[in-house]
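The first residue of the sequence shown is numbered 1, and numbering continues consecutively from there. Not measured: the values here are computed from a predicted model.
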Amino acid sequence: HTRTAMDRLTQAIDISIQGSDYASLNTIFGSSMSHSYGDERSWQSLGQGEQRTLASYFIKSAVSNASFLQSAFNSPLAMQVMDVTLRHLPTTGVDNAADNKLR
């Protein structure tokens with residue numbers, strides 16, 4: 001079950017980045033209590049390690065998409081998502097130091 005939830009969330013991240021869909025990204029990474037822990041559209045449905053992996057995936061994907069990054073810096077919602085994900089990264093860091101590029 002968890003693997004497929006991870007697959008669904010990474011696919012949703014890809015689609016959201018390609019379309020600069022900040023609302024969907026906020027749904028995925030939002031920490032609002034209105035998200036139920038069973039909601040498969042939210043990373044709250046994952047374990048802590050998987051949340052870190054998903055945060056890392058988002059950061060790598062965001063940094064590698066220049067058009068997304070340019071528009072994201074003008075969106076408070078996107079900035080909130082980036083702030084949340086930067087605080088939930090694996091202790092081993094992100095491939096190609098993508099998190100440092102974003103900071």
Derivation and outcome, side chain to side chain contact (heavy atoms under 4.5 Å, CB included), residues W43 and T53: CA-CA 10 Å; W43 72 336; T53 300; over 6 Å; no
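To the nearest 0.5 angstrom, I59 atom CD1 is 3.5 Å from T85 atom OG1. Here the straight-line distance linking atom CG of L25 with atom CG of L77 works out to 8.0 Å at 0.5 Å rounding.
Side-chain contact between E50 and L9 is absent, with no heavy atoms from C-beta onward closer than 4.5 Å. I28 is not listed as a side-chain neighbour of F58, based on a closest heavy-atom distance of 4.5 Å or more. Counting only heavy atoms from C-beta outward, the side chains of D21 and I15 never approach each other to under 4.5 Å.
What you find for A98 and V63 is that their closest heavy atoms are O-CG2, 3.4 Å. S24 approaches S16 most closely through the heavy-atom pair CB-OG, 3.3 Å.
Residues satisfying the side-chain contact (heavy atoms from CB on, under 4.5 Å) test with S71, not counting sequence neighbours, are S20, Y22.
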Let me check something: any side-chain donor-acceptor pairs from residues 88-95 under 3.5 Å, sequence neighbours excluded? List them with distances.
from: H88; atom 1: ND1; to: V84; atom 2: O; distance (Å): 2.8
from: D95; atom 1: OD2; to: K60; atom 2: NZ; distance (Å): 3.3

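Between the side chain of S56 and the main chain of R52, no donor-acceptor pair closer than 3.5 Å is present.
Note on residues 74-84: pairs passing side-chain hydrogen bond (donor to acceptor under 3.5 Å, both in side chains), not counting sequence neighbours, are D83-R87.
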